[in-house]
Trainee: 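Mind looking over this structure? Questions follow.
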Amino acid sequence: QVQLVESGGGLVKPGGSLRLSCAASGFTFSDYYMSWIRQAPGKGLEWVSYISSSSSYTNYADSVKGRFTISRDNAKNSLYLQMNSLRAEDTAVYYCARESLWFGELLYAFDIWGQGTMVTVSS
Amino acid sequence: QSALTQPASVSGSPGQSITISCTGTSSDVGGYNYVSWYQQHPGKAPKLMIYDVSNRPSGVPDRFSGSKSGNTASLTISGLQAEDEADYYCSSYTSSSTTRVFGGGTKLTVL
């Protein structure tokens with residue numbers, strides 16, 4: 001079945017780094033844009049970053065620009081988020097999500113979500 | 001980038017209808033038909049309920065409907081059921097540099 005599984009979360013000190021991974025299955029991963037979306041404890045959803053199907057385009061929320069890097073390996077059906085210079089305010093559950101397509105047209109909606117991985121930034 | 005504006009909470013009794021609003025600007029909700037809605041139960045991942053303002057993915061009950069007027073999109077749930085109690089988020093394409101934005105979320109309580 002169509003599935004996304006995140007991994008790599010954990011406890012890290014302020015200023016540290018962490019690399020999240022998202023393993024995709026059940027669909028042609030290389031056809032789809034992918035995004036990372038986070039949710040701080042008790043808070044709402046915040047879009048973090050997206051990457052195009054061939055990695056040609058990436059974009060980031062202002063809050064993480066210059067510190068986070070999104071990447072993908074279509075041969076391994078995997079999405080990544082390299083997070084550097086982490087801050088307490090980066091503490092959140094991080095979800096990877098597939099961006100919807102309709103006959104090749106991007107719909108700017110997220111139709112498949114992983115279960116999330118928790119990142120805690122604390123000394 | 002500013003989040004879209006949603007009411008913090010709404011409530012309704014079983015069988016009733018409720019509407020959740022999502023207000024943006026002409027740079028996002030008002031300018032494009034790329035509004036989507038998500039349902040999130042506690043401890044679970046969000047689930048896509050509506051895309052392109054008013055389209056339902058396969059498997060989403062037709063009790064859920066979406067619409068838009070000007071800079072405000074709306075999610076209506078008719079025939080409320082206990083299992084509809086959840087947090088709901090809107091999202092939209094935005095012409096700002098980030099291109100994607102969420103609303104702050106609305107907690108739906110079924111009385």
Side-chain angles (χ1 to χ4, degrees), chain A residues 1-6 9 22 24 27 32-52 56-66 68 70 92-103 105-118, chain B residues 1-9 20 22 24 27-29 31-60 66 73 75 86-107:
Chain A
Q1 73 278 25
V2 175
Q3 195 174 8
L4 296 170
V5 179
E6 302 95 336
C22 171
F27 64 98
Y32 289 86
Y33 278 49
M34 298 293 295
S35 273
W36 288 98
I37 296 158
R38 69 184 181 183
Q39 186 170 35
K43 302 297 185 182
L45 300 173
E46 179 188 16
W47 171 81
V48 172
S49 179
Y50 82 76
I51 186 167
S52 64
S56 298
Y57 306 105
T58 60
N59 201 359
Y60 301 90
D62 291 342
S63 56
V64 307
K65 201 169 291 185
F68 289 12
I70 191 171
V93 174
Y94 284 73
Y95 296 100
C96 66
R98 189 181 82 172
E99 300 217 11
S100 304
L101 285 179
W102 181 251
F103 291 104
E105 177 192 351
L106 198 57
L107 298 183
Y108 299 98
F110 309 100
D111 61 355
I112 303 296
W113 296 65
Q115 85 288 352
T117 187
M118 182 71 202
Chain B
Q1 64 281 19
S2 300
L4 307 174
T5 301
Q6 298 181 232
S9 62
I20 299 171
C22 170
S27 296
D28 38 63
V29 173
Y32 308 90
N33 287 325
Y34 292 125
V35 177
S36 51
W37 290 90
Y38 304 85
Q39 177 191 66
Q40 186 181 36
H41 288 109
K44 301 295 187 182
K47 174 187 176 184
L48 177 65
M49 304 301 285
I50 297 286
Y51 66 95
D52 282 2
V53 175
S54 60
N55 291 313
R56 280 188 312 276
S58 173
V60 173
L75 173 71
D87 294 326
Y88 291 84
Y89 295 90
C90 62
S91 179
S92 175
Y93 171 83
T94 169
S95 59
S96 74
S97 61
T98 56
T99 71
R100 290 141 174 85
V101 64
F102 279 98
T106 298
K107 180 176 181 57

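Excluded from the calculations below are hydrogen atoms, water molecules and symmetry mates; all remaining heavy atoms, backbone and side chain alike, are included. Lettering of chains follows the sequences in order, A, B, ..., and the numbering in each one begins at 1.
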Trainee: Compare every heavy atom of A/Glu46 with every heavy atom of B/Phe102, then report the nearest pair and how far apart it is.
Mentor: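 Minimum heavy-atom separation between B/Phe102 and A/Glu46: CD1-C, 4.3 Å.
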Trainee: Tell me whether the centres of the aromatic rings in B/Tyr51 and A/Trp102 are closer together than 6.0 Å.
Mentor: no
Trainee: I need the A/Asn59 CG to B/Thr99 OG1 distance, nearest 0.5 Å.
Mentor: 5.0 Å
Trainee: Once side chain to side chain contact (heavy atoms under 4.5 Å, CB included) is applied, do any residues pair with B/Ile50, and if so which ones, sequence neighbours excluded?
Mentor: B/Trp37, B/Arg56, B/Leu75
Trainee: Any chance you could measure B/Tyr38, atom OH, to A/Ile37, atom CD1, to the nearest 0.5 Å?
Mentor: 7.0 Å
Trainee: Would you name the heavy atoms of A/Trp113 and B/Ala45 that are closest together and state the gap between them?
Mentor: CB-CB, 4.1 Å
Trainee: Output the distance between atom OG1 (B/Thr98) and atom OH (A/Tyr50), rounded to the nearest 0.5 Å.
Mentor: 9.5 Å
Trainee: Between B/Gln6 and chain A, which part of the residue has a heavy atom less than 4.5 Å away: side chain, backbone, both or neither?
Mentor: neither
Trainee: Heavy-atom cut-off 4.5 Å, strictly under: side chain, backbone, both or neither for A/Lys65 against chain B?
Mentor: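 Side chain only.
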Trainee: Could you tell me which non-hydrogen atom of B/Arg100 sits nearest to which non-hydrogen atom of A/Tyr33, and how far apart they are?
Mentor: NH2-CD2, 4.0 Å
Trainee: Give, as side chain, backbone, both or neither, the part of A/Phe110 having an atom under 4.5 angstrom from any heavy atom of chain B.
Mentor: both
Trainee: Does any backbone or side-chain atom of A/Ser35 lie under 4.5 Å from a heavy atom of chain B? Answer side chain, backbone, both or neither.
Mentor: side chain
Trainee: For chain A, find which of B/Gly104, B/Ser91, B/Gly105, B/Pro46 contributes the most heavy-atom pairs closer than 4.5 angstrom.
Mentor: B/Pro46
Trainee: Once rounded to the nearest 0.5 Å, what's the spacing between atom NZ of B/Lys44 and atom CD of A/Gln115?
Mentor: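 Going from the NZ atom of B/Lys44 to the CD atom of A/Gln115 covers 10.5 Å.
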Trainee: Out of curiosity, B/Ser97 OG to A/Asp62 CG, how far, rounded to the nearest 0.5 Å?
Mentor: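 Interatomic distance, B/Ser97 OG to A/Asp62 CG, rounded to 0.5 Å: 5.5 Å.
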Trainee: Which atoms of A/Glu105 are under 4.5 Å from chain B, going by heavy atoms: the side chain, the backbone, both sets, or neither?
Mentor: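 Contact with chain B involves the side chain of A/Glu105 alone.
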Trainee: At a heavy-atom separation under 4.5 Å, does A/Ile112 approach chain B through its side chain, its backbone, both, or neither?
Mentor: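 When you check distances to chain B, no heavy atom of A/Ile112 falls under 4.5 Å.
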